[in-house]
Participant: 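I have a structure here, written as structure tokens, and I will follow up with some questions on it.
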Amino acid sequence: MTQSFYITTPIYYVNGAPHIGHAYTSIAADVMARFKRLDGYDVFFLTGTDEHGQKVEKAARDAGLDTQAFTDRISADFKAMADAMGVSYDDFIRTTEDRHKASCAELWRRIERNGDIYLGHYEGWYAVRDEAFYDESELTTRPDGTRVAPSGAPVEWVREPSYFFRLSAFQDRLLTLYEENPEFVAPSSRRNEVTSFVKGGLLDLSISRTTFNWGIPVPDAPGHVMYVWLDALTNYITACGFPDENAPRWHYWPADVHFVGKDIIRFHAVYWPAFLMAAGLPLPKRVSSHGWWVVEGEKMSKSLGNVIEPRKLAETYGLDQIRYFLLREKPFGTDGSMSHPAIVSRINVELANDLGNLAQRSLSLIARNCGGILPARGPATEDDTALLTAAGALLDLVRVNIDRQTFHEGLEEIWKVIRAANGYIDRQAPWALNKTDKTRMGEVLRVLVDTIRVVATLLQPVMPSSMARMLDQLGVSADARTFAALETPLTDGQTLPPPQGVFPRYVEPVA
RNA sequence: GGCGGCGUAGCUCAGCGGUAGAGCAGGGGAAUCAUAAUCCCUUGGUCGGUGGUUCAAAUCCGCCCGCCGCUACCA
């Protein structure tokens, strides 16, 4: 039976337009989803939008739209962005869907039945203007005695009834979870932060609000809507059919990896497992968090006006090129920077020169000197064996890196083989063998084709359309592009299509 | 303030107890099959500072300096 694998992106909050950060998370998750599919897993890949909460209600009002109409529009834009970036999701969930409302209500009831929800009061310093609560320590007192928020807005002490989740009861179980599953939070620096946060003591969590309506109603508690994070996190089980354990997708739960940005680790690594424990449901296996992109040396922000629109980037540089850059340029878990020269360098040096040109020079020699016929392997020389062995070891190396979300290291491993292949073709000089030993020339070219085939097969998750074209040119049929298919040699003597460059160099547009 | 991390070649970083490494950039050469793409050789660092442990420290420990992260409900 095929093993299942469940991957999620966060569901994106619809109070603003999609930017490169959203695209980055989704592309990384997509690469893992595509990789697992090619590796023989039954993959379920989920993305979607988070549509409740006061901020959405307000954003809709500001836009002069009905709240649902507003979320419909923004959600559609996120979906269009995912499609434009080649994100191969299997389901796109929206928290305003009926299936999700039913799922949240049931999760609430289960937690309540286990005694981990109680009614209390939520109180604190509230700034009406900011629609936010502030801690005592954040406030300043004016000469006239009034307290104001950091924004300058006056605050007042408010007290409202609220349901609470008994988070404090889960401290030990959470610590045991991190202890027994060191891979639960990635990267490890984040795991340390999460652990020390939990060790510092957990307070119960307010999980209902009475001050606005745009949310999922708390069962049997008129006037209360659920805290947005309880609502949002539940999407991961809703999509599996919760609470119907006979649903066709229920077997995917628990998730294998939740991809998240570093800003929302706590919700995924502390609250979410606690909610699930309280409901008696299995826990996800891993929460993998990534860092931010700094753009042209500046932190990306709306006020600086340097927010990167992902579709624009793909237009300028090419979708596969951008997907490659995002995963290659920096380690997944850390912050890193993106700049025009850096993108151009990756495209021209690694894609055009190292890989594109390697394929082009190998294939055009076959086209010209072998009549376009794929030559057979010969007896392997030491040099042949060295290259083929390196290529043969690649799948295992890349798989380990994908499993750890160390995408940049996996790509580096692939590039080591590409560089080795460029060294090989120079040493073997098939263009010279054309005059002295045509048989050996063919054998050398076949070693190159077989090596490029491995590389192109493994790169499909990152650059799906470019690698499809490269595999076409290598004579790999469309149904033989899985990792398992690498075991089967290509058919000798087949006619290859005429080679065409896959990665053009980026040239600056004339001003 | 507390806890944690980082500081290694011009740039981005790996190494984490045994005579300093990679990629890019720079310099020289070879080749000419290829997207003027490739290959080979090479310049370059007192591994933030300072004490200590050790036969041996970038690697372990202390202190100092400089950056950064986390330190709860509002994404």
Side-chain angles (χ1 to χ4, degrees), chain A residues 10-16 50 52-56 122 124 126-127 130-135 137 149 162 164-165 167 187-209 211-212 227-233 260-267 270-271 291 328-331 334-337 341-342 345-346 348-369 408-409 412 415-416 419-434 441 444-445 448 499-507:
Chain A
I11 48 175
Y12 301 112
Y13 202 51
V14 297
N15 68 336
D50 179 10
H52 289 131
Q54 200 168 13
K55 285 202 176 179
V56 170
Y122 182 45
Y126 185 75
D130 300 346
E131 296 182 322
F133 281 90
Y134 292 96
D135 189 75
S137 64
S162 167
F164 281 82
F165 172 66
L167 183 63
S188 57
S189 52
R190 297 296 166 191
R191 192 194 59 204
N192 292 340
E193 288 178 4
V194 167
T195 305
S196 72
F197 172 75
V198 174
K199 275 186 182 156
L202 294 173
L203 302 176
D204 290 347
L205 198 63
S206 164
I207 52 166
S208 77
R209 292 293 136 86
T211 48
F212 60 94
Y227 169 48
V228 277
W229 271 106
L230 176 60
D231 168 350
L233 291 161
V260 300
K262 65 180 183 180
D263 54 330
I264 56 175
I265 294 171
R266 178 186 308 147
F267 304 101
V270 181
Y271 302 166
R328 180 69 185 91
E329 183 70 5
K330 74 172 184 72
T334 64
D335 293 353
S337 62
S345 170
R346 292 287 178 194
N348 287 349
V349 175
E350 293 175 3
L351 296 182
N353 298 354
D354 290 347
L355 175 56
N357 184 53
L358 171 68
Q360 183 71 9
R361 66 201 300 212
S362 305
L363 290 168
S364 58
L365 285 166
I366 291 177
R368 179 142 16 85
N369 299 336
H408 72 299
E409 287 180 44
E412 174 59 22
W415 251 260
K416 279 181 190 163
R419 290 185 206 109
N422 272 316
Y424 173 86
I425 194 173
D426 262 57
R427 280 191 303 279
Q428 298 299 325
W431 49 89
L433 290 168
N434 186 41
M441 174 193 70
V444 165
L445 292 172
L448 286 161
Q500 289 184 318
V502 172
F503 294 115
R505 290 176 62 80
Y506 178 90
V507 281

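Reminder, nothing fancy here: chain letters follow the sequence lines and each chain counts from 1.
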Participant: Do A:Asn353 and B:A37 have a side chain to base donor-acceptor pair shorter than 3.5 Å?
Facilitator: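 Absent.
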Participant: Does A:Tyr13 have any side-chain hydrogen bond (donor to acceptor under 3.5 Å, both in side chains) partners at least two apart in sequence or in another chain, and if so, which?
Facilitator: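 By the side-chain hydrogen bond (donor to acceptor under 3.5 Å, both in side chains) rule, A:Tyr13 matches no residue at all.
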Participant: Check the distance between B:C24's P and A:Glu329's CD and give it to me in whole angstrom.
Facilitator: 13 Å
Participant: Quick one: A:Leu355 CG to B:U38 P, roughly how many Å, whole number?
Facilitator: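 Going from A:Leu355 (CG) to B:U38 (P), I get 12 Å.
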Participant: Could you give the distance separating B:A14 and B:A9 at their C1' atoms, to the nearest angstrom?
Facilitator: 13 Å
Participant: OP1 or OP2 of B:C33 less than 4.0 angstrom from a side-chain nitrogen or oxygen of A:Arg368, does that happen here?
Facilitator: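 It does not, given that no N or O in the side chain of A:Arg368 lies less than 4.0 Å from OP1 or OP2 of B:C33.
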Participant: Does the plane of the ring in A:Trp229 sit parallel, tilted or perpendicular to the ring in A:Phe267? Use 30° and 60° as the thresholds.
Facilitator: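 A:Trp229 and A:Phe267: parallel rings.
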Participant: To the side chain of A:Arg361, which of B:C33, B:U35, B:C74 is closest?
Facilitator: B:C33
Participant: Which letter, B, S or -, goes with each nucleotide of nucleotides 1-8 of chain B from 5' to 3', with contact meaning a protein heavy atom under 4.0 Å?
Facilitator: --------
Participant: Verify, without hydrogens or angle tests, whether A:Asn348 (side chain) and A:Arg505 (backbone) share a donor-acceptor contact under 3.5 angstrom.
Facilitator: no
Participant: For A:Ile264, answer base if it contacts any base atom (sugar-phosphate contacts may also be present), sugar-phosphate if it contacts only those atoms, and nothing otherwise; contact means non-hydrogen atoms under 4.0 Å.
Facilitator: nothing
Participant: Which value, in whole Å, describes the distance between the C1' atoms of nucleotides B:A58 and B:A20?
Facilitator: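 One C1' to the other, the span is 8 Å.
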Participant: If you take any heavy atom closer than 4.0 Å to RNA chain B, which residues from residues 420-427 of chain A end up in contact?
Facilitator: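 Output list: A:Asn422, A:Gly423, A:Asp426.
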Participant: Could you measure between the two P atoms, the one in B:G45 and the one in B:C6, and give it in whole Å?
Facilitator: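 To the nearest whole Å, 26 Å.
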Participant: Do A:Phe165 and A:Leu230 come close enough that some side-chain heavy atom pair is under 4.5 Å?
Facilitator: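 When only atoms from C-beta onward are counted, A:Leu230 and A:Phe165 do not touch, as no gap falls below 4.5 Å.
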Participant: Taking for each residue the nucleotide of RNA chain B with the nearest heavy atom, is it A:Asp354 or A:Ser345 whose nucleotide lies nearer the 5' end?
Facilitator: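 Here A:Ser345 is the residue nearer the 5' end.
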Participant: Taking the side chain as every heavy atom from C-beta outward, state whether A:Leu448 and A:Arg361 have any pair of such atoms under 4.5 Å apart.
Facilitator: no
Participant: Considering only heavy atoms from C-beta outward, does the side chain of A:Asn422 approach that of A:Asn353 to under 4.5 Å?
Facilitator: no
Participant: With rounding to the closest Å, how many angstrom separate the P atoms on B:G62 and B:G5?
Facilitator: 11 Å
Participant: When you compare B:C47 with B:A22, how far apart are their C1' atoms, in angstrom units rounded to a whole number?
Facilitator: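 15 Å, rounded to whole Å.
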Participant: Which nucleotide sits closest to the side chain of A:Leu205: B:U71, B:C73, B:A34?
Facilitator: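 Closest nucleotide to the A:Leu205 side chain: B:C73.
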Participant: In this structure, how many angstroms lie between the P atom of B:C13 and the NE2 atom of A:His408, rounded?
Facilitator: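 A:His408 atom NE2 is separated from B:C13 atom P by 10 Å.
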Participant: Report the distance from atom CZ of A:Phe267 to atom P of B:C73, rounded to the nearest whole Å.
Facilitator: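 Value for this atom pair: 8 Å.
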Participant: Among B:C74, B:U71, B:U35, which nucleotide has an atom closest to any side-chain atom of A:Lys55?
Facilitator: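 Among B:C74, B:U71, B:U35, the one nearest the side chain of A:Lys55 is B:C74.
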Participant: Return the set of residues passing salt bridge (Lys or Arg N to Asp or Glu O under 4.0 Å) with A:Glu350 (not counting sequence neighbours), or none when no residue passes.
Facilitator: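 By the salt bridge (Lys or Arg N to Asp or Glu O under 4.0 Å) rule, A:Glu350 matches A:Arg328, A:Arg346.
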Participant: Please work out if A:Leu358 contacts a base, only the sugar-phosphate, or nothing of the nucleic acid, heavy-atom cut-off 4.0 Å.
Facilitator: nothing
Participant: Atom CD of A:Glu350 to atom P of B:C24: distance rounded to whole Å?
Facilitator: 8 Å
Participant: Are A:Val444 and A:Tyr424 packed together at the side-chain level, in the sense that at least one heavy-atom pair is separated by less than 4.5 angstrom?
Facilitator: yes
Participant: side-chain contact (heavy atoms from CB on, under 4.5 Å) with A:Phe212: which of A:Gln54, A:Lys55, A:His52?
Facilitator: A:Gln54
Participant: Side-chain contact, heavy-atom cut-off 4.5 Å: A:Phe197 with A:Leu202?
Facilitator: yes
Participant: Mark yes or no for whether A:Ser362, through its side chain, and A:Leu358, through its backbone, hold a donor-acceptor pair below 3.5 Å.
Facilitator: yes
Participant: Test side chain to side chain contact (heavy atoms under 4.5 Å, CB included) on A:Lys262 and A:Asp335; report intermediate values, then the result.
Facilitator: CA-CA 10 Å; A:Lys262 65 180 183 180; A:Asp335 293 353; 3.0 Å; yes
Participant: So which nucleotide from B:G69, B:U35, B:C33 ends up closest to the side chain of A:Phe503?
Facilitator: B:U35
Participant: Check every strand shown and say whether A:Gly291 touches a base, only sugar-phosphate, or nothing at a heavy-atom separation below 4.0 Å.
Facilitator: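 Counting heavy atoms under 4.0 Å across all strands, no contact is made by A:Gly291.
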Participant: Work out how far the P atom of B:C61 is from that of B:C3, and round it to whole angstrom.
Facilitator: 16 Å
Participant: Looking only at side-chain atoms of A:Arg209, point me to the closest of B:C73, B:A34, B:C70.
Facilitator: B:C73
Participant: Based on Watson-Crick and G-U pairs with both distances under 3.5 Å, what dot-bracket line describes RNA chain B 5' to 3', crossing pairs as [ ] and inter-strand pairs as |?
Facilitator: ((((((((.[[[[.)..(..]]]].(((((.......))))).....[[[[[..)....]]]]])))))))....
Participant: If I take atom CZ in residue A:Arg419 and atom P in nucleotide B:A22, what distance separates them, rounded to the nearest angstrom?
Facilitator: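 Rounded to the whole Å, the gap is 12 Å.
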Participant: Please report the distance, rounded to the nearest Å, between CG in A:Asp263 and P in B:U71.
Facilitator: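 The distance from CG of A:Asp263 to P of B:U71 comes to 11 Å, rounded to the nearest Å.
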Participant: Between atom CG in A:Asn348 and atom P in B:U35, what is the gap in whole Å?
Facilitator: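 Going from CG in A:Asn348 over to P in B:U35 covers 15 Å.
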Participant: By nearest atom, which of the nucleotides B:A34, B:C33, B:A72 is closest to the A:Phe197 side chain?
Facilitator: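 Closest of the options to the side chain of A:Phe197: B:A72.
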Participant: Go through B:A72, B:C33, B:U35 for me and flag the one nearest to the A:Leu167 side chain.
Facilitator: B:A72
Participant: Taking atom P in both B:C73 and B:G21, what distance in whole Å separates the two?
Facilitator: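 Roughly 49 Å separates the two P atoms.
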Participant: Any base atoms under 4.0 Å from A:Val502, or only sugar-phosphate, or nothing? Heavy atoms, all strands.
Facilitator: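 Base, at least one base atom sits under 4.0 Å.
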Participant: Indicate the atoms forming the closest heavy-atom contact of A:Arg209 with A:Ser206, along with that distance.
Facilitator: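 Heavy atoms only, the tightest pair is NH2-OG, 3.1 Å.
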Participant: Need one value for A:Val270: base, sugar-phosphate or nothing, where a base atom within 4.0 Å counts as base even if backbone is also close, heavy atoms only.
Facilitator: nothing
Participant: Would you indicate what A:Trp229 reaches in the nucleic acid, counting non-hydrogen atoms under 4.0 angstrom: base, sugar-phosphate, or nothing?
Facilitator: base
Participant: Say you pick atom P in B:U42 and the same atom in B:U8; how far apart are they, in whole Å?
Facilitator: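 My reading of the P atoms in B:U42 and B:U8 gives 25 Å.
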Participant: So, do A:Trp431 and A:Asn369 sit near enough that their side-chain heavy atoms are less than 4.5 Å apart?
Facilitator: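 SC-SC contact between A:Trp431 and A:Asn369 ruled out.
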Participant: Run the salt bridge (Lys or Arg N to Asp or Glu O under 4.0 Å) test against A:Lys330 and tell me which residues pass, sequence neighbours left out.
Facilitator: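 Per chain and number, A:Lys330 pairs via salt bridge (Lys or Arg N to Asp or Glu O under 4.0 Å) with no residue.
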